[in-house]
Amino acid sequence: MFRIPGLFTPLGRYRWPLAGGGLLVLLFGLLLNLVFRPDVPQEPVSASASGRTGETVRNEPLLPLPNVPSLNPAKVTLGKQLFHDTRLSKDGSLSCASCHDLLHGGVDGLPHSRGVGGAEGPINAPTVFNASLNFRQFWDGRAATLEAQAAGPVTNPLEMATTWPEVVSRLKADRELSRQFDDLYPDGLTEANVRSAIADFERTLLTPSRFDRWLRGDELALNEAEKQGYALFKKHGCIACHQGVNVGGNLYQRFGIMRDYFAGKGKLTDADLGRFSQTQKQEDRHLFKVPSLRNSALTAPYFHDASAITLEQAVSVMGLYQLGVTLPEADVKAIVTFLHSLTGEGLQ
Amino acid sequence: MSELQHVRLLRRLWLVAGLLMLMLVLLYNLGNSYREEHRLRVELNMQEITALNTRLHLDTLLLRHRQQLSYDDLNQVAQEVDIRLKTLEQAFAAQDMAPLLQEARQQWTEKQQNLERFKQLNAALGNSEYHFVNLASDLQGLQHRGQLPTLKIDLDALISSMLVFMQRTSDEQRPRLQEQLEALGTNAQPWPHPAKEYAQTLATHGQLILSTQQRVGQLVQEIYQSPFLPTLDKAYRNYHQQLGQQLERAAFFRLLMLLVSLLLVLTLALIMLRLYRTARSLEASLDDMRRAEARLNLAASVFDNLSEAMTITDARGLIQSVNPAFTAVTGFSEAEAIGHKPGDLLASGQHDATFYASMWHALHTTGNWQGEIFNRRKNGEIFPEWLSITAVRNAERQVVQYIALFSDITERKEAEAYIHHLAYHDPLTGLANRLLFNDRLDQALKQVHRTRRSLAVLMFDLDRFKSVNDSLGHSSGDKLLREVAQRFKSVIREGDTLARLGGDEFALLMSEIRGQTDAASLAASLLSKFEKSIELDGHEIFTSTSIGIAIYPQDGETAEELIRHADLALYAAKDAGRAAFRFHVPGETPQTGIERLDLESALRHAVTRNQLILYYQPQVDANTGQILSVEALLRWQHPILGLVPPGQFIPIAESSNLINPIGAWCLRTACAQMVAWRQAGIDIGRVAVNVSVRQLRQPTFAADVLDIIDETGIDPQRLELELTESMLSEDTERTFHIFTTLREHGVRIAIDDFGTGYSSLSYLARYPVDIVKIDQSFVRGLAHDVEARSIVQAIILLAHGLHMETIAEGVETEVQRQCLTQLGCDSLQGYLFARPSPSPDLRGAGLHEEL
């Protein structure tokens, strides 16, 4: 139609040899480029300190909760589903939510959690709320990440009492679930991905409180009693350990700095050894991760051994053993009042 | 270069190209083991870790000196270092240099443990320092106000020493301070509240400070002096060193790659060139192949569609291929034929060994042979074929194949036979023709000459066939001939040859006879075949034959003689009154031996040369004997032949159209004679003139007759026209019209030869006829034949009934005259009264009457 006579026709039978030749020239050019491309700099660039980026509205040892991180919503939904999935336990009787009841402060309210077949766990279950802000997981800090934490209870014979291969095969039987995993993860349904999904879900479980609002500048967010309680909290020295964004949860500390807590306790359990069971160092005996005080009003009983039934008791025990003082009753009450302001709004 | 070499070379080139490609891939992998992004990642993370480490130290210091109260920052920085370190480990592992980082990892773990310990102890220490300062001021307040009981130690000195210790740790001071703090605790036992609590708590905090202070300081030192970063730096330098080596190697491989790829390009170029050339030669040979294929297709198509059978054999003569026409002709399928010799399949056994030997000789010498050969079909049928064999030779002139082409010529043979038959047979009757007859006669003569036996030649024709042909038309004549031929065939013997020589002329060759009787009996059977009438287009026709017979050897030794003599015998038979056979009688034959053809040409001249003359025969009244009239009878006076009888030349005249001028001449002469006689005073009632059927057929016949009457001046009432009976059956309306016209002028009409023809008496009633002439054959039998007598009587009675007169001809005896007179015949004619004469004695006749 619009073919220009003489433009293509002379090529005619020489079309393929010409095309082949052109291709060869192109190939040759590419090779030249590959061989003689500029070399990368050989010497390392000297290191330089980067600026600090911190955002604190009030210059306080406590920091407001960060926003919920932006995660793949589908993975979060999947994690939530798995969090409530009883197939993660041996006999299908328990899910993560069984001990970390999201309607009850992320705990079961029991001194020691109940495992499969009514087995009694060794330790008081910490809350799942804001757990992502803890620098380590478990009382003894044996898990560095939420993913690592999720592995523990599943295989603990006193808790869910199963094995990961079993869990994975049980979940794989669920076509729909398998398909969801296939859609979200390149390698589909695996132990690591199950844990990752659950951890992602847990990262969304942050509970902003009135105290956070106060920290961000809302003077009316706290009443005077609470402010007074906070002042006492700092004055008595609680703040030495319970600081930072999670009001604790960012270092290990000995239970009984000023006075030997375990001396009067009688028979000690493995749990009482604390971090020692991980490191086998004498220095680490009775060292525990300092728990977060957020939502502490909802997470009774307290301490790893659930020895404090009420928050007042816990505050008094802390004053006695950690600070070396018998806190006046009024002060205890004031501190407890303050602690209530750390409860996530909407959780009460 | 041959094509095979082409292909081999190409294959080798492709192999080389493939090997080069493999080498390229290998070299690419080797040259690319170094990855820029790995290096960049390592570098970035190194920078980050260095920065983070600094931040870590700073945070530690800030925490130690209560400039920072939250451990979150420290944790975050430590966690980030951990993550970066892991990233580094992955990057190193990717370059197979993971071991370089092992030491750094170990040192980082130690540093982390130190950090954790620092956090723990620093938190407690900070708390104690804070409380110690507060409690010290509280206690000093109480002391100043004198509310403290007795003190065994110097409280102020202790506090200030502690504060100094808190600023600068001193191992020397520690035991003394410990003692003093213990002393304070013990001292305070009895103190009142709150002094007791203040002092004891202060002592506890002080003890904790003493025990922890140094450790915290050490930890900070250890954190600061951790070899982690230098080790990491060292690992990084090692990494770079190895990286440099890798880069050098990669550069080397890339150079190799360049060389290999140049080789590859060269090889590919060679392949292209080779392919291009191959393509061109292929294109050329493809064209050749297409042409050859088209030729082959054409050949195959010709082979398959050829109407002639084709056989291809190898040099040994075994069939390789046959075409469909072969199967159609021979009945053998290709599968049945292949591998056999054509001779084994088809040989008919009709040819001897010499035949085949000469065939092969021709094939070996000239390369081809053709000829007619008889073969046998699958069904056993033997058929003639026209076979053409060609030897196919290769370049070395050796025979490689034979191609045989043949066609079934059965049909051709049949056509030939048919043509032969046509040539030797009469198409109308299927009988032999003159040629075949002569041939057979010659053959038979040779045979009988040897065997000294006899044979007979019979010549015969149909009596009055001309009349039939003229009156009923030629197609009827043809049918008559066919019917007659059938009848003849039914009586002849096997081995005899019956032929139609032309017209109604037949001949029969009896190739072997014992004697005259054989011929006679056969002739009699032939004659008897005419006793039954022949049904022809609705007419019932009676006809007869006359037969002339000549016997070998007495009647002639040659074919010509025998035929001529048989012919003469035929004429004799006809002359003798037809429906009879005659043997040749030597004496009877005119020495000259006239041929009909000669007679005809002679007759042509007869009219102009005045060789024709009219004889007159009187006709007398049966009762009175008075001459009533004369009949004019035509005679031919030939100068050599003498007087030729009318039975011989009239048929010739009729068949040659001479009859018209002859007839006209007769009429005119007779009329003129009549007028002359009147003028001479001889009174004769009438003159009767014979008219041929051909004359009557002339459209102007009636007018011609009237013209002659006017011309001669004869009284029409004195003219009588004699017509034969057969005319009555022809074109009756016209004949009726002619008769009517002539009678109106007074001319009388007579029917000649009545009773011999095929017309029945009833015809007579339809025509205006004046007189009926009874044939002499009846007259002859009158005396002794009762049947003849009754016929004559019937004719006379019928004629009278129709108001016609009767006349009898050929009256020769007195008995006949009396008989006829008795029967009531009106007139008589015959030798009894007068012979025909050019100048009859008319008076004599009258005298006789008077007698």
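Chain letters run A, B, ... following the sequence lines, proteins first and then strands; every chain starts at 1.
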Practice problem: Any chance you could lay out the salt bridge (charged side-chain N to carboxylate O under 4.0 Å, His left out) test for A:Arg203 and A:Glu147, step after step, and finish with the verdict? | Solution: CA-CA 11 Å; A:Arg203 286 189 181 94; A:Glu147 282 87 347; 2.9 Å; yes

Exercise. Could you tell me whether the side chains of B:Lys119 and A:Asn250 share a donor-acceptor contact shorter than 3.5 Å?
Key: no

Quiz item: Any chance the rings of A:Phe211 and A:Tyr230 have centres within less than 6.0 Å?
Solution: yes

Quiz item: If you tally heavy-atom pairs under 4.5 Å against chain B, which of A:Val290, A:Leu323, A:Ile239 wins?
Solution: A:Leu323

Practice problem: Look at the rings of A:Trp139 and A:Phe288 and say which category their plane angle falls in: under 30° parallel, 30 to 60° tilted, over 60° perpendicular. | Solution: perpendicular

Practice problem: With a 4.5 Å cut-off on heavy-atom pairs, point out which of A:Gln322, A:Lys281, A:Arg259 contacts chain B the most. | Solution: A:Lys281

Exercise. Just give me the residue among B:Asn53, B:Thr201, B:Leu121, B:Asp72 that pairs up with chain A most often, heavy atom to heavy atom, under 4.5 Å.
Key: B:Asp72

Practice problem: Quick one: closest heavy-atom pair of B:Asp59 and B:Val77, and the distance? | Solution: OD2-CG2, 3.8 Å

Self-check item: Which atoms of B:Gln200 approach chain A - backbone, side chain, both or neither, heavy atom under 4.5 Å
Solution: neither

Practice problem: Find the one option among B:Gln79, B:Glu116, B:Arg117 whose heavy-atom pairs under 4.5 Å with chain A are most numerous. | Solution: B:Arg117

Quiz item: Considering only heavy atoms, which portion of A:Lys289 lies under 4.5 Å from any heavy atom of chain B: side chain, backbone, both, or neither?
Solution: neither

Quiz item: Of the listed residues (B:Leu275, B:Leu69, B:Asn134, B:Asp82), which shares the most heavy-atom pairs with chain A below a 4.5 Å separation?
Solution: B:Leu69

Quiz item: If you count heavy-atom pairs under 4.5 Å with chain B, which of A:Val245, A:Leu133, A:Ile257 comes out on top?
Solution: A:Val245

Quiz item: Looking at A:His286, A:Glu283, A:Arg285, which hits side-chain contact (heavy atoms from CB on, under 4.5 Å) with A:Phe276?
Solution: A:Arg285

Quiz prompt | Shortest non-hydrogen separation from A:Phe338 to A:Phe233 and the atoms involved | solution = CE2-CG, 3.6 Å

Quiz item: Considering only heavy atoms, which portion of B:Tyr130 lies under 4.5 Å from any heavy atom of chain A: side chain, backbone, both, or neither?
Solution: side chain

Quiz item: What part of A:Arg136 is in contact with chain B, defined as an atom under 4.5 angstrom from a non-hydrogen atom: side chain, backbone, both or neither?
Solution: side chain

